[in-house]
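Everything on this sheet refers to the single structure shown next.
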Amino acid sequence: MKPIRVLIVDDSVVVRRLLSEILATDPEIDVVGTAASGSIALAKIPQTQPDVVTLDVEMPDMNGLDTLSAIRKAHPDLPVIMFSALTGLAAATTLEALARGATDYVTKPTAVGGREGATAHIREQLLPKVKTLGGGEVARQWVPSAPPRARALPAVLPPPASTRVEVLAVGASTGGPNALTHFFSQLPAHFPVPIVVVQHMPPVFTKLFAERLTAACALEFHEAAGGEVLQPGKAYIAPGDYHMRVVRDGTVTRVELNQDAPENSCRPAVDVLFRSVSAVYGAGTLAVVLTGMGQDGLRGSEAIRGTGGQVIVQDEASSVVWGMPGFIAKAGLAQAVLPLAELSGEVLRRVALSRVVNTSTPNLERHVS
């Protein structure tokens with residue numbers, strides 16, 4: 001196999017040197033160039049023909065957003081990994097970059113661990129993404145061709161589910177921010193069950209992401225703080241660096257956070273959430289797994305199916321990386337494998353049909369319009 005060609009774009013000579021040295025130690029990666037600015041990067045891309053670009057978020061002259069927009073115009077399918085500081089401003093800019101077509105992001109190491117800590121952070125966070133995104137496993141950047149429209153229920157309804165859907169649990173990773181935004185934009189404000197979400201993200205990012213989702217969707221999103229009582233029509237996002245579980249507290253269900261060891265190298269982890277949801281809601285669980293690297297969510301999906309719950313996943317063609325949903329589909333745990341554009345309608349259908357008990361079709365349609 002040919003090595004993965006990487007172009008590093010960062011205005012800091014220290015960062016360029018550090019990334020170059022670490023990436024160059026991997027025989028599967030070839031650092032074909034570096035650039036100190038966006039304009040230099042744009043000139044070097046045709047010369048170096050990279051498979052992946054790492055792009056600094058904050059740069060003088062031409063910032064990361066402007067550089068990304070220019071890359072997307074000339075090279076729509078070139079994977080771009082944003083390299084972001086762990087600050088509110090950088091997080092907001094990174095989320096905007098993802099909305100504009102960045103493939104993924106990695107946060108810059110902090111000064112706390114020194115060079116050794118920085119090296120370990122880059123090896124753990126950046127190397128796997130470069131290898132996955134540069135290894136030919138990436139789908140074309142998916143963009144909806146038309147504004148989303150709610151799907152009507154079919155005229156002839158199949159038999160209702162044996163158990164009412166009582167919670168919607170969603171997991172995502174690489175490509176997830178855009179996929180989640182599209183998915184949730186098609187759900188109504190009066191969605192009849194609570195929603196719990198794990199998107200692999202660091203601290204700071206999750207709060208800003210919840211705010212962006214609230215602004216873009218009819219639903220109300222919150223970065224979970226712990227102790228909240230789950231309510232229909234509200235969505236709770238696991239905060240960065242914390243696992244999120246749901247626990248029964250008398251007659252209500254609450255959110256619980258912890259910093260137990262990472263699972264699948266992730267904290268928050270989808271498996272942790274899914275296991276807790278299956279334990280509390282059993283067959284009343286409906287889970288959705290969207291685009292993402294790795295196999296987080298696989299064991300949790302096994303638990304959900306084991307208690308009679310339902311699992312549906314995003315298909316390969318519409319996923320940025322078909323890792324998480326792919327593992328579940330290949331294990332035979334997914335009851336439906338659908339394009340991103342059809343997942344919201346399928347969720348609405350399953351939630352509505354689980355409530356068909358001496359109810360007429362017209363009353364059901366309010367759940368999907």
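Quick note: residue numbers are just sequence positions, from 1.
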Take Leu286 and Tyr281 through the side chain to side chain contact (heavy atoms under 4.5 Å, CB included) test and state the conclusion after the steps. CA-CA 9 Å; Leu286 173 58; Tyr281 290 98; over 6 Å; no
Check the pair Asp26 / Lys131 against salt bridge (Lys or Arg N to Asp or Glu O under 4.0 Å), numbers first and verdict last. CA-CA 10 Å; Asp26 193 301; Lys131 288 185 175 183; 2.7 Å; yes
Step by step, work out the side chain to side chain contact (heavy atoms under 4.5 Å, CB included) result for Val347 and Phe183. CA-CA 10 Å; Val347 165; Phe183 172 75; 3.8 Å; yes
Checking Thr34 against Ile40 for the side chain to side chain contact (heavy atoms under 4.5 Å, CB included) test, could you report, in this order, the C-alpha distance in whole Å, the side-chain angles of both residues, the deciding distance, and whether it holds? CA-CA 9 Å; Thr34 63; Ile40 295 173; over 6 Å; no
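The main-chain N or O of Val321 is found under 3.5 Å from a side-chain atom of Thr291 such that the two form a donor-acceptor pair. Side-chain atoms of Asp271 come within 3.5 Å of backbone atoms of Arg299 as a donor-acceptor pair (strictly under, hydrogens ignored). The closest donor-acceptor contact from the side chain of Gln314 to the backbone of Leu340 lies at 3.5 Å or more, if one exists at all. In this structure, Thr285 contributes its side chain and Gly309 its backbone to no donor-acceptor pair below 3.5 Å. Distance alone, capped at 3.5 Å, is enough to place a donor-acceptor pair between the Arg248 side chain and the Val280 backbone. Put simply, the side chain of Thr132 never gets that close to the backbone of Lys129: no donor and acceptor are under 3.5 Å apart. A distance-only check finds no donor-acceptor pair linking the side chain of His75 to the backbone of Ala70 [under 3.5 Å]. Side chain of Ser84 to backbone of Thr94: no donor-acceptor contact under 3.5 angstrom is found. Judged purely by atom type and a 3.5 angstrom limit, His243 uses its side chain to pair as donor or acceptor with the backbone of Ala269. Proximity of a side-chain donor or acceptor of Asn258 to a complementary backbone N or O of Asp260 within less than 3.5 Å is detected.
Interatomic distance, CD1 of Ile8 versus CZ of Phe83, reported as 9.0 Å (0.5 Å rounding). The line from CD1 of Ile195 to CD of Gln231 is 12.5 Å long, rounded to the nearest 0.5 Å. Taking CE of Met59 as the reference point, atom OG of Ser12 lies at 12.0 Å (rounded to 0.5 Å). The CD atom of Gln47 sits 10.5 Å away from atom CD1 of Ile45, with the distance rounded to the nearest 0.5 Å. Here CD of Gln49 is found 14.5 Å from NZ of Lys44. Values are rounded to the nearest 0.5 Å. To the nearest 0.5 angstrom, Met82 atom CE is 10.5 Å from Glu96 atom CD.
Classification of Arg275 and Glu263 as a salt-bridged pair holds, one side-chain N sitting under 4.0 Å from a carboxylate O. Under 4.0 Å is where a charged nitrogen must lie from a carboxylate oxygen, and between Arg254 and Asp249 at least one such pair does. No salt bridge links Lys234 with Glu228; every basic N to acidic carboxylate O contact stays at or beyond 4.0 Å. Under the 4.0 Å criterion applied to side-chain N and carboxylate O atoms, Asp10 and Lys108 are assigned as salt-bridge partners. A salt bridge does not link Arg16 with Asp11: none of the charged nitrogens is closer than 4.0 Å to a carboxylate oxygen.
In the model, Asp241 has a side-chain atom that pairs as donor or acceptor with a side-chain atom of Gln259 under 3.5 Å. Inspection of the Ser318 and Asp315 side chains reveals an N or O donor paired with an N or O acceptor under 3.5 Å. In this structure, a donor-acceptor pair under 3.5 Å is present between the side chains of Arg350 and Gln310. For the residue pair Glu220/Thr214, the side-chain donor-acceptor check at 3.5 Å is not satisfied.
The aromatic rings of Phe221 and Phe184 lie perpendicular to each other, with more than 60° between the two planes, well past the 30° mark.
Ile81 has its side chain within reach of Leu133: a pair of non-hydrogen atoms, C-beta onward, lies under 4.5 Å apart. At a threshold of 4.5 Å between non-hydrogen side-chain atoms, the residues Pro232 and Pro192 do not count as touching.
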